[in-house]
2 protein chains.
Amino acid sequence: MSTKKNIRIPCTLCPGKEHSLFSDLPREDLDTLSMHKTCIRYKKGQTLFYEGTRPMGLFCINSGKVKVYKISSEGKEQILKLAKPGDFLGYRALISEEFYNSSATVIEEGAMCYIPKSNFLDILQKNPAFFRKMAKRVAHELGLMEQKLVTIAQKSVRERLAATLIMLKETYGMEGDESNLIDIALSREDLANIIGTATETVIRLLSDFKTQKLISLQGKKIKVLDAKGLVREADFYGR
Amino acid sequence: MSTKKNIRIPCTLCPGKEHSLFSDLPREDLDTLSMHKTCIRYKKGQTLFYEGTRPMGLFCINSGKVKVYKISSEGKEQILKLAKPGDFLGYRALISEEFYNSSATVIEEGAMCYIPKSNFLDILQKNPAFFRKMAKRVAHELGLMEQKLVTIAQKSVRERLAATLIMLKETYGMEGDESNLIDIALSREDLANIIGTATETVIRLLSDFKTQKLISLQGKKIKVLDAKGLVREADFYGR
DNA sequence: TCCAAAATATGATATTGATCATTTTTCATA
DNA sequence: TATGAAAAATGATCAATATCATATTTTGGA
């Protein structure tokens with residue numbers, strides 16, 4: 001069985017707390033959350049929740065990275081989003097009062113906090129400003145998802161890959177010298193499942209981009225050498 | 001110029017009011033809305049709002065049908081959803097406090113009610129149950145959009161067309177004998193812009209389905225002859 | 001450190017669906 | 001009801017990408 005270990009991390013010490021959805025929650029509410037939550041270390045490959053199951057709480061990523069995806073009827077995985085420390089998972093299903101419509105699996109190990117549904121709903125209930133903030137977030141994500149739909153429906157695989165690399169660089173780029181290194185452990189297959197194509201196609205296109213000196217490949221990690229060039233490939237203008 | 005005519009339709013008389021988002025709004029709030037809204041007849045081709053503009057209110061469709069779509073950088077249209085009497089448009093942008101991320105154009109003429117932003121937000125503010133309902137709706141739509149994304153990313157055009165025809169039949173099917181007639185005036189181009197393909201491809205596939213006796217074509221309108229067969233084409237099982 | 005399995009890479013081929021060109025039909029309206 | 005424009009239909013061709021097959025490399029455990 002899994003070797004999950006229960007650990008305790010106060011919400012007030014959570015990385016990225018300042019920019020998270022909880023950022024301007026009153027101290028009192030934060031303490032309530034800290035009190036009731038559980039934090040567990042997950043290893044790569046372990047799953048936080050499965051599509052089709054009933055959500056019993058809210059996940060908050062303390063460290064590590066997670067992919068959120070759906071499995072189609074043919075068994076193919078489609079990654080809907082990637083989550084990093086400070087991100088929350090599972091609120092869509094809690095707010096819509098539905099089962100999970102996607103699964104979430106750890107791609108880089110770390111600690112995940114779990115806030116029981118009742119505590120989360122309590123705070124939503126008694127804190128209208130927080131509820132508005134959550135609703136605003138969900139509405140914003142709907143907008144993002146609509147844009148993604150258009151991109152997948154209308155852009156070529158090459159364009160989508162270039163656009164995804166730029167997005168990854170912006171989200172997972174490192175500090176200073178290494179700022180062009182995309183710091184997330186995505187396999188070629190994961191990348192293919194983000195943009196909706198075959199693994200071989202991603203591999204071919206990456207080596208193509210490498211030949212064009214747009215990127216360099218350092219093992220699994222990708223370095224962006226020519227962001228402008230990638231932007232050109234992505235046909236980013238006018239979006 | 002357009003020949004928009006201001007007409008008055010009390011919300012209490014709105015078709016589909018019973019099942020709309022406003023269904024269990026207190027009488028008092030409904031009257032406030034009725035008081036402040038304007039209702040205008042729109043002809044086919046007229047646009048309710050444009051992507052990139054600031055939302056100033058909420059649209060409610062009294063009669064007629066509307067398509068909601070985005071235009072990609074290459075100028076191609078992608079239809080995100082179709083709206084029918086009783087449906088609301090524009091609340092995503094109001095709740096996320098963003099500009100419209102899509103445009104809405106009338107495909108079958110009818111009357112559209114317009115509720116000023118301030119009135120809508122007032123009611124949201126003072127009526128937590130209604131706000132929860134709106135949030136729930138947006139979260140549900142996010143789930144639908146995620147499913148659409150997976151479908152477009154992973155299913156063939158043939159499967160998507162078959163699935164779309166089934167959805168259209170379920171949403172716009174008529175009563176009784178004519179229950180298999182899809183009662184919405186969509187051009188082949190519109191259909192192509194829903195499923196994300198070329199118009200010619202839709203035309204070819206439709207005549208294919210016709211040859212297979214899955215559908216029949218009566219002018220612009222499509223009749224579903226063999227729903228089971230279409231479901232098979234759509235590979236619907238297990239979704 | 002070595003081994004097996006997984007991931008990556010590369011090649012050959014097949015298929016889907018886009019694009020371009022042309023014809024036919026439908027439809028609005030003059 | 002005639003006519004011009006838009007929509008639908010059909011054909012020919014081509015490009016992008018999936019699929020299948022087979023190395024080669026990397027990696028995580030025993």
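Order of the sequence lines fixes the chain letters, A, B, ..., with proteins taken first and strands second; residue numbering starts at 1 for each chain.
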Atom-pair distance ([atom1] on [X]; [atom2] on [N]), nearest Å:
X: B:Leu191; N: D:dA9; atom1: CG; atom2: C1'; value: 15 Å
X: B:Leu206; N: D:dA9; atom1: CG; atom2: P; value: 7 Å
X: B:Lys221; N: D:dA7; atom1: NZ; atom2: P; value: 17 Å
X: B:Asn193; N: C:dA18; atom1: CG; atom2: C1'; value: 14 Å
X: A:Gln218; N: D:dT26; atom1: CD; atom2: P; value: 14 Å
X: A:Ile107; N: C:dA7; atom1: CD1; atom2: C1'; value: 16 Å
X: A:Ile203; N: D:dA23; atom1: CD1; atom2: P; value: 17 Å
X: A:Asp208; N: D:dT17; atom1: CG; atom2: C1'; value: 13 Å

Give a yes/no on whether any side-chain N or O of A:Lys44 is located under 4.0 angstrom from OP1 or OP2 of D:dG28.
no

Check whether any side-chain nitrogen or oxygen of A:Arg188 sits under 4.0 Å from OP1 or OP2 of C:dA9, and answer yes or no.
yes

Checking side-chain polar atoms at under 3.5 Å, does B:Ser72 have a donor or acceptor matched by the opposite partner on A:Lys155?
no

Out of [options], whichever nucleotide has its closest atom nearest the side chain of [X]:
X: B:Ala198; options: D:dA18, C:dA18, D:dT10; answer: C:dA18
X: B:Leu217; options: D:dA9, D:dT10, C:dT10; answer: D:dA9
X: B:Glu200; options: C:dC20, C:dT8, D:dA18; answer: C:dC20

The residue, B:Thr201 or A:Ser187, whose nearest nucleotide of DNA chain C is more 5′ is A:Ser187

Does A:Met145 reach the side chain of B:Leu149, with side-chain heavy atoms less than 4.5 Å apart?
yes

Does A:Arg204 or A:Lys220 map to a spot on DNA chain D nearer the 5' end, using the closest nucleotide for each?
A:Arg204

Closer than 3.5 angstrom, by distance alone: can the side chain of B:Glu108 be matched with the main-chain N or O of B:Leu186 as a donor-acceptor pair?
no

May I ask you to say what A:Thr199 touches in the nucleic acid, namely base, sugar-phosphate or nothing, with a heavy-atom cut-off under 4.0 Å?
nothing

Any Lys/Arg nitrogen of A:Lys67 or A:Glu77 sitting under 4.0 Å from an Asp/Glu carboxylate oxygen of the other?
yes

Identify whether the distance between the nearest side-chain nitrogen and carboxylate oxygen of B:Lys81 and B:Asp87 falls below 4.0 Å.
no

